[in-house]
There are 2 protein chains.
Amino acid sequence: MLDVRKLRLLRDLADRGTIAAVAAAHNYTPSAVSQQLAALEREAGAALLARTGRGVTLTPAGAVLAAHAEEVFAALERATAALAATRTGLTGPLRIGAFPTAMRTLLPTALATLAREHPGLDLTVDELDPALVPARLRDGSLDVALVHDYDLVPIAPDPALETAPLLDETMYLAATRPLDLAACRDERWILAGPGTLCHTMTIRACEAEGFLPRARHHADDFVTVLTLVAAGQGVAVVPELALRPPSSPSAAAAAAPSSPSDPAPVGPSGPGAAPVAPAGVVLTPLRTRRRTRFAYRAGTGAHPSIAAFTAAVRAA
Amino acid sequence: MLDVRKLRLLRDLADRGTIAAVAAAHNYTPSAVSQQLAALEREAGAALLARTGRGVTLTPAGAVLAAHAEEVFAALERATAALAATRTGLTGPLRIGAFPTAMRTLLPTALATLAREHPGLDLTVDELDPALVPARLRDGSLDVALVHDYDLVPIAPDPALETAPLLDETMYLAATRPLDLAACRDERWILAGPGTLCHTMTIRACEAEGFLPRARHHADDFVTVLTLVAAGQGVAVVPELALRPPSSPSAAAAAAPSSPSDPAPVGPSGPGAAPVAPAGVVLTPLRTRRRTRFAYRAGTGAHPSIAAFTAAVRAA
DNA sequence: CGGCGAGCATAAGCTGAGCTGATGCTCGAC
DNA sequence: GTCGAGCATCAGCTCAGCTTATGCTCGCCG
């Protein structure tokens, strides 16, 4: 029977590319990983790695085995989730990841709800860009996260992860006067940092109109972005959620949680509520949209702590 | 992450009932199993066993975890099968189990075909009653087996195993003259050994006609049974396959293997061929039927060695 | 009702798996 | 040509996993 701890090292090698990177992720030395993978090759009776220059790559057999290992990990996660469901009351850690806008608008009320209803849960939240979420879920340092993708920057499915839809938002052009995107060729732009999904999305939206945005400022926080727009410092593309005021945890104390049984996406402000522009900012809706989802390791969706978290966020 | 070797001990405890029996199956001492299960409880953060008198039973959490462990083992078996599929040529052991009639009629040509087409396979065959097959598959001492059940003695599905249909046979009353089953109240009977499926099936068939068979002889081998019938020693119920002459491995050399893609059950003698009664024996078809299937551990159906075996048997 | 044996838990001790550190080799960047 | 990254292998240490010993509980039997 193939050893699951060694399979995890093989899968991580498929993800991270080098034995040194896998060792760093597990707090091992590269020597330990090398020996464990050699032992896995003996168990498998097949070469799983090949030396290529200074590094290694997976053989076809190694790639097949790493892919199948995901199913094994998902089955173990389902076993752990089923075990957790046999306990009365939710306990243990729940490590949550979220991008800044979600942290400001969705999480405060959800965390307050969870803390009140499940005092045994040990909740921690890390702020990070959605592009970094997959690696953090795979290495177990996050259990659940909010991620998003844009029409213009779709994300390939990852076999180690599962997602569930939460929001489907309109994107807006924020300026000091009504403008079409096509008319912004000569505007100065406020872009998110290079490497973020929002940065890439904005570049692609402008390219679709036949120009490249001329970057004046870079800022990742939408409150900052909107403040700069109001100050006449440029134009930007922002999502609907960024226009929601910071949530109040005390509002959650009064609100009854909604049913988690219907996960269909809704706008962040509920049916029919239009976003409110900050003073001095004019919003023009764009065709492109942003979708926000829950993401978690394959097999953990039924874990009662994660189910409680997703229910609390939907109710926020 | 729950340790898979310990999960296997838990699952085996669910099957076998005592720590001593699990230890014996693994060539461990009961103390080793006890300590490993205690460690699994610490990993799980839940009580999985409860002391009941001299023995132990699984708690509800333990039962849930043992059930989920089957999914993990199935995923590992699929991984192993996928790995085997990456090799050119089939190698390694293939441990086959079969009941006597199948060994005499189906296996010789199939084994000859496999040996010729896959000389790297190490084929071994054990004869055993189908009732013993599940435990042997679970403990890994068999990889694939032929099993059967009867209309009157159905077998509950086992989550650790998967099956695929092979034969669907008529059962016959064997006597020295034409007889209905209902007329056999006063006949002397030749029954299979107590504890076998065939024994139970015959008892239930007679009970359905309102009487209990009066056992004169007990024999498990259908050749022996038919010889006793011909000698006027009693009546018996026998399956269609028991009437097939022993197969000739050289016939397989001439026959082209059939496609394994359509697994629909057929009669053992092909379409329209009636069974041939031995000299002195008259066969009366009964309504009850016997179904013969392949059985293997969940997840191993796609293993190329098992696929080759099932294809070879279907072609026999 | 007492004796006996089966089943199990726990502790002590031994063995080998799994890790670190040292060493040496290959390869690619500069 | 030098240097550093990446990896394989070996030696040695630590601790997980096993056996053996011991003791307790429970159920069967005389």
Side-chain angles (χ1 to χ4, degrees), chain A residues 1-59 61-63 65-66 69 72 76 135 139-140, chain B residues 1-59 61-63 65-66 69 72 76 135 139-140:
Chain A
M1 186 174 70
L2 297 165
D3 183 71
V4 172
R5 291 170 66 211
K6 298 181 179 74
L7 285 177
R8 190 177 294 278
L9 295 176
L10 183 71
R11 193 282 307 264
D12 287 354
L13 180 62
D15 287 335
R16 296 170 186 273
T18 68
I19 284 181
V22 175
H26 288 259
N27 286 325
Y28 287 162
T29 61
S31 158
V33 176
S34 179
Q35 291 175 60
Q36 288 288 300
L37 291 173
L40 183 61
E41 284 185 312
R42 293 193 292 275
E43 286 173 21
L48 304 174
L49 312 181
R51 202 60 188 271
T52 53
R54 288 178 297 183
V56 297
T57 53
L58 269 61
T59 60
L65 190 55
V72 176
L76 279 165
D139 70 24
Chain B
M1 186 172 71
L2 297 165
D3 182 71
V4 171
R5 289 169 68 212
K6 297 180 178 76
L7 285 177
R8 190 178 293 278
L9 296 176
L10 182 71
R11 193 281 308 265
D12 287 354
L13 180 61
D15 287 336
R16 295 170 186 274
T18 68
I19 282 180
V22 175
H26 288 259
N27 287 324
Y28 287 162
T29 61
S31 160
V33 176
S34 178
Q35 290 174 58
Q36 289 288 301
L37 291 172
L40 183 61
E41 285 186 311
R42 293 193 292 277
E43 284 174 22
L48 304 174
L49 312 181
R51 203 59 189 271
T52 53
R54 288 180 299 185
V56 296
T57 51
L58 269 61
T59 60
L65 190 54
V72 177
L76 280 165
D139 71 24

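Here the structure is a predicted model, which means the values were calculated and not measured. In the text below, chain A, chain B and the rest are named by the order of the sequence lines, each starting its count at 1. Only heavy atoms go into these numbers, but all of them, side chains included; no hydrogens, no water, no symmetry mates.
Q36(B) is not listed as a side-chain neighbour of R5(B), based on a closest heavy-atom distance of 4.5 Å or more. Within the 4.5 Å cutoff, no side-chain heavy atoms of D12(A) are placed close to those of V33(A).
To the nearest angstrom, P of dC8(C) lies 13 Å from CD of E41(B). The nearest whole Å value for the distance from the OH atom in Y28(B) to the C1' atom in dT15(C) is 14 Å. Following rounding to the nearest Å, L9(A) (CG) and dG18(C) (P) show an atom-to-atom distance of 11 Å. Atom-to-atom, CZ of R54(B) to P of dA9(C) comes out at 14 Å; the value is rounded to the nearest Å. dC19(C) atom C1' lies 14 Å from atom CG of L37(A), rounded to whole Å.
Residue contacts shown for T18(B) are limited to sugar-phosphate atoms, with no base heavy atom under 4.0 Å away. Note on D3(A): nothing from the nucleic acid sits closer than 4.0 angstrom, heavy atoms only. At a threshold of 4.0 angstrom between heavy atoms, the contacts of A20(A) are confined to the sugar-phosphate backbone, with no base atom among them. Across all strands shown, Q35(B) has heavy atoms under 4.0 Å from base atoms, whether or not it also approaches the sugar-phosphate.
To the nearest 0.5 Å, the span separating CG on L10(A) from CG on L58(A) amounts to 5.0 Å.
For DNA chain D, the contact window with chain B, defined by any atom under 4.0 Å from a protein heavy atom, covers dG17(D) to dG27(D) in 5' to 3' order.
Sequence order on DNA chain C of the closest nucleotides to A32(A) and T52(A) puts A32(A) first from the 5' end.
Only one option out of D3(A), I19(A), V22(A) pairs with L9(A) in a side-chain contact (heavy atoms from CB on, under 4.5 Å); it is V22(A). The salt bridge (charged side-chain N to carboxylate O under 4.0 Å, His left out) with D139(B) is formed by just one residue from the set R8(B), R16(B), R11(B); it is R16(B).
One finds a side-chain N or O of T29(A) lying less than 4.0 angstrom from the OP1 or OP2 phosphate oxygen of dT20(C).
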